[in-house]
Amino acid sequence: MDRNELLRLKGFYENELTNRILAFWLPRCEDREYGGYVNCFDNAGEKLQSYDKYTWSQGRFVWVFSRLAVTRIGIFTQKQRKEFLRLAKNGRDFLMRHCLMGPEDWRCVYRMERDGSPRHVEGWEPLDMSIYADCFVVLAMAGYAAAAGDREAYAFGKRLYESILERVKSGKYNTLPYSLSDRYRAHGIPMILSNVTKELHAAAALLEPDSGYCMALRERLEGFTDDILNHFADERDAIHEVIAADNRPVEGLLGQHANPGHTIEDMWFMMEAADLLGRAELTPRIAGITARALEIGWDQEFGGILHYSAVTGGPPVRRGRASAGLPGAAAAGPELPDGAASAMEPVERQVREGWGDKLWWVHSEALYTTLLCYHRTGETRFLEWHEKVFSYTFRTFPNRDPEVREWKQICKRDGSPQDKVVALPVKDPFHITRNLILILELLETMIETD
């Protein structure tokens, strides 16, 4: 790409961040009465459906505003940066007051009332439904600590992080509503821990650089990186979302499906890990895994990236026609016999029922990772992929209503909108905002070195 193309792309993404995403969230998200953020909007962003506060999303808001406060993108004034930091502190304070199960119980509740009181999710017994929520609180505290030099937030995040590692080691943790029996391991655990560890390392490097904790975090990061690349990635460079507890492959739908968006997101985590660990030799492998995820996940009929695919490519199930209601769904993949659904792991059911969904976060991650891989490798195939994903994304997800403008989150396989819950019943700006920040920072680097 020449300088003019880079500048044009930078201008486009600046507009997307400021005049679409932030223009939607800044007037709407802050709860000035109780603290934290309001984000249980419908998929289109047109109606606030409840004041419930999900710890998962609260933590992600804190990270976003913390990162906006210190980004090296040159489009924000000092006044705007101070406002971002104030917004981040609002969520930081809310979480530190309310997110834990108890004063000495370092597990996070999954869902809260507007005032921060813990609230059960209908049909589920545990308040600490998902360790992923805990990870996003650590991400929040690490991000805010690094942005504000806040030692209290750093100490909170550090203690929660150590609690997470203890629970993962013992196997005593929940990943509801995406539970998985202890016979298996999920790619999502080392994946999120690699990112959380890197973010906590950034805070530790500022606030206790001489303690030895930075070295301990790098050692853990190396372990998560090797786990992903050596155990979850196969010989064809496809990441399996589920493997056996002893790291062996798993047959059938459970072990032979990929989540292309997860893989694509994880590969920029791996790039950052390789940078921090001084392991530049990993770059070709990481780029190869990214390319493979795009190849197996791209919907050849409708365009866009499938929510789930077979690790060999295309839809993961043969009997997709009934669940998707669309032509072309009966493609290659493990066939599911009649009555098999009742014996499925919950993850298998999600794959079978939602493989054809087109999700906002998957495409925002692909926009950044393709551009990053192009920058790191110089391979034009990644620029071609960026342009392909760009074309699909911006004709599919942005809301054309000038009162909204933010992205639709979930579409059907053919790209038409649908009202559906994926993970949480919220509208969440995390992936889009994070990727737009990273894209703009990368483009500035590319322009400076052009």
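The structure displayed is predicted, hence computed values, not measured ones. Along the sequence shown, residues are numbered consecutively beginning with 1.
- Looking at heavy atoms from C-beta onward, L180 lies in side-chain contact with L254 at the 4.5 angstrom threshold.
- Contact of the L9 side chain with the M1 side chain is registered, since non-hydrogen atoms from C-beta on lie closer than 4.5 Å.
- Between F156 and W106, the closest heavy-atom pair is O-CZ3, 3.5 Å.
- Considering CZ of F24 and CD1 of I432, their distance stands at 10.0 Å, rounded to 0.5 Å.
- If you run ring-ring contact (aromatic ring centres under 6.0 Å, His included) between W385 and each of Y392, Y368, W298, F390, only W298 comes through.
- Applying the salt bridge (charged side-chain N to carboxylate O under 4.0 Å, His left out) definition to pairs two or more places apart or across chains, those involving residues 210-221 are E162-R220.
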request  = Begin with the C-alpha distance, continue with both residues' side-chain angles, and end with the deciding distance and a verdict on side chain to side chain donor-acceptor pair (under 3.5 Å) for E265 and N195.
outcome  = CA-CA 10 Å; E265 179 184 7; N195 180 238; over 6 Å; no

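- Between L139 and F430, the shortest heavy-atom contact is CD2-CZ, 3.9 Å.
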request  = Evaluate the side chain to side chain donor-acceptor pair (under 3.5 Å) criterion for residues R159 and S163: first the C-alpha distance (whole Å), next the side-chain angles of each, then the deciding distance (0.1 Å), finally the verdict.
outcome  = CA-CA 6 Å; R159 185 169 178 184; S163 167; over 6 Å; no

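- In this structure, S194 and L221 approach most closely via the heavy-atom pair O-CD1, 3.4 Å.
- By the 4.5 Å heavy-atom criterion applied to side chains, C108 and L160 are counted as neighbours.
- R376 and D275 are joined by a salt bridge, as a carboxylate oxygen and a charged side-chain nitrogen come within less than 4.0 angstrom of each other.
- In this structure, L277 CG and T225 OG1 are separated by 5.5 Å, a value rounded to the nearest 0.5 Å.
- A side-chain donor-acceptor contact under 3.5 Å links E365 and H431.
- When only modelled atom types and interatomic distance are considered, Q409 and D428 share no side-chain donor-acceptor pair under 3.5 Å.
- When every heavy atom of L294 is checked against every heavy atom of T370, the shortest pair comes out as CD1-CG2, 3.7 Å.
- With a 4.5 Å cut-off on side-chain heavy atoms, Q80 and L68 do not count as touching.
- Applying the salt bridge (charged side-chain N to carboxylate O under 4.0 Å, His left out) test to residues at least two apart or on different chains, the pairs with a partner in residues 33-44 are E33-R114.
- Judged by a 6.0 Å distance limit and a 45° cone about the ring axis, K198 is not positioned over the six-membered ring of F269.
- When ring centroids are compared, H386 and F382 stay outside the 6.0 Å threshold.
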message = Could you walk me through whether Y110 and I131 satisfy the side chain to side chain contact (heavy atoms under 4.5 Å, CB included) test, starting with their C-alpha distance in whole Å, then the side-chain angles of each, then the deciding distance to 0.1 Å, before giving a yes or no?
response = CA-CA 9 Å; Y110 184 76; I131 203 167; over 6 Å; no

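- A salt bridge does not link R292 to D237: none of the charged side-chain nitrogens sits closer than 4.0 Å to a carboxylate oxygen.
- Contacts of D134 classified as salt bridge (charged side-chain N to carboxylate O under 4.0 Å, His left out), with partners at least two apart in sequence or in another chain: R167.
- The shortest distance between side-chain heavy atoms of N399 and E406 does not fall below 4.5 Å.
- Sorted by first and then second residue, the salt bridge (charged side-chain N to carboxylate O under 4.0 Å, His left out) pairs with a member in residues 15-27 read E16-R20; sequence neighbours excluded.
- The ring of F394 has its center closer than 6.0 angstrom to the ring center of W407.
- One finds the CZ atom of R67 at 13.5 Å from the CG atom of L85 (value rounded to the nearest 0.5 Å).
- For the residue pair N174/S130, the side-chain donor-acceptor check at 3.5 Å is not satisfied.
- Side-chain contact, W63 with E199: a donor N or O sits under 3.5 Å from an acceptor N or O.
- In this structure, K53 is positioned above the aromatic face of F94, its NZ or CZ under 6.0 Å from the six-membered ring centre and within 45° of the axis.
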inquiry  = Let's go through N247 and R185 carefully: what are the C-alpha distance in whole Å and the side-chain angles of both, what is the deciding distance for side chain to side chain donor-acceptor pair (under 3.5 Å) to 0.1 Å, and is it a yes or a no?
reply    = CA-CA 8 Å; N247 297 325; R185 297 179 60 217; 2.5 Å; yes

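- In this structure, the side chain of N39 engages the main chain of K427 through a donor-acceptor pair within 3.5 Å.
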query = side chain to side chain contact (heavy atoms under 4.5 Å, CB included) between D150 and R92: does it pass, once the steps are laid out?
reply = CA-CA 10 Å; D150 184 343; R92 171 263 198 212; 2.9 Å; yes

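- Side-chain contact between V62 and Y37: present, with at least one pair of heavy atoms (C-beta onward) separated by less than 4.5 Å.
- R285 contributes a side-chain N or O that, together with a main-chain N or O of L229, makes up a donor-acceptor pair within less than 3.5 Å.
- Tested against K358 for a side-chain hydrogen bond (donor to acceptor under 3.5 Å, both in side chains), the candidates D414, D299, T396 yield a single pass: D299.
- The structure places CD of E444 at 7.0 Å from CG of L440, a figure rounded to the nearest 0.5 Å.
- Scanning all heavy atoms of the two residues, the minimum distance from A140 to L95 falls at CB-CD1, 4.3 Å.
- Between the side chains of E208 and Y154, at least one donor-acceptor pair of N or O atoms lies under 3.5 Å.
- Here the CG atom belonging to D357 is positioned 11.5 Å from the CD atom belonging to Q350, to the nearest 0.5 angstrom.
- Using a 4.5 Å cut-off on side-chain heavy atoms (C-beta onward), L306 and R413 make contact.
- With 3.5 Å as the limit, one finds a donor-acceptor pair spanning the side chains of D227 and H231.
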request  = Under the side chain to side chain contact (heavy atoms under 4.5 Å, CB included) rule, what do M112 and R119 come out as? Steps first, then yes or no, please.
outcome  = CA-CA 5 Å; M112 294 172 280; R119 183 177 182 185; 5.8 Å; no

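- Between the side chains of T71 and E441, at least one donor N or O lies within less than 3.5 Å of an accepting N or O.
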request  = Evaluate the ring pair (Phe, Tyr, Trp, His ring centres under 6.0 Å) criterion for residues W360 and F397: first the C-alpha distance (whole Å), next the side-chain angles of each, then the deciding distance (0.1 Å), finally the verdict.
outcome  = CA-CA 7 Å; W360 83 110; F397 292 104; 8.3 Å; no

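- A donor-acceptor pair is defined here as one N or O able to donate and one able to accept, closer than 3.5 Å; such a pair exists between the side chain of T369 and the backbone of I264.
- Residues G297 and P260 approach most closely at CA-CG, 3.7 Å, considering heavy atoms.
- Taking the six-membered ring for Trp, F65 and Y144 have ring centres at least 6.0 Å apart.
- Residues passing the ring-ring contact (aromatic ring centres under 6.0 Å, His included) test with H240: none are found, sequence neighbours excluded.
- The salt bridge (charged side-chain N to carboxylate O under 4.0 Å, His left out) analysis of residues 70-88, with sequence neighbours excluded, yields the pairs E30-R86, E83-R86.
- Here the side chains of Y54 and C40 are in contact, with some heavy-atom distance below 4.5 Å.
- Checked by atom type, the side-chain pair Y374/T380 shows no donor-acceptor distance below 3.5 Å.
- We find the OG1-NE2 distance between T377 and H375 to be 10.0 Å, quoted to the nearest 0.5 Å.
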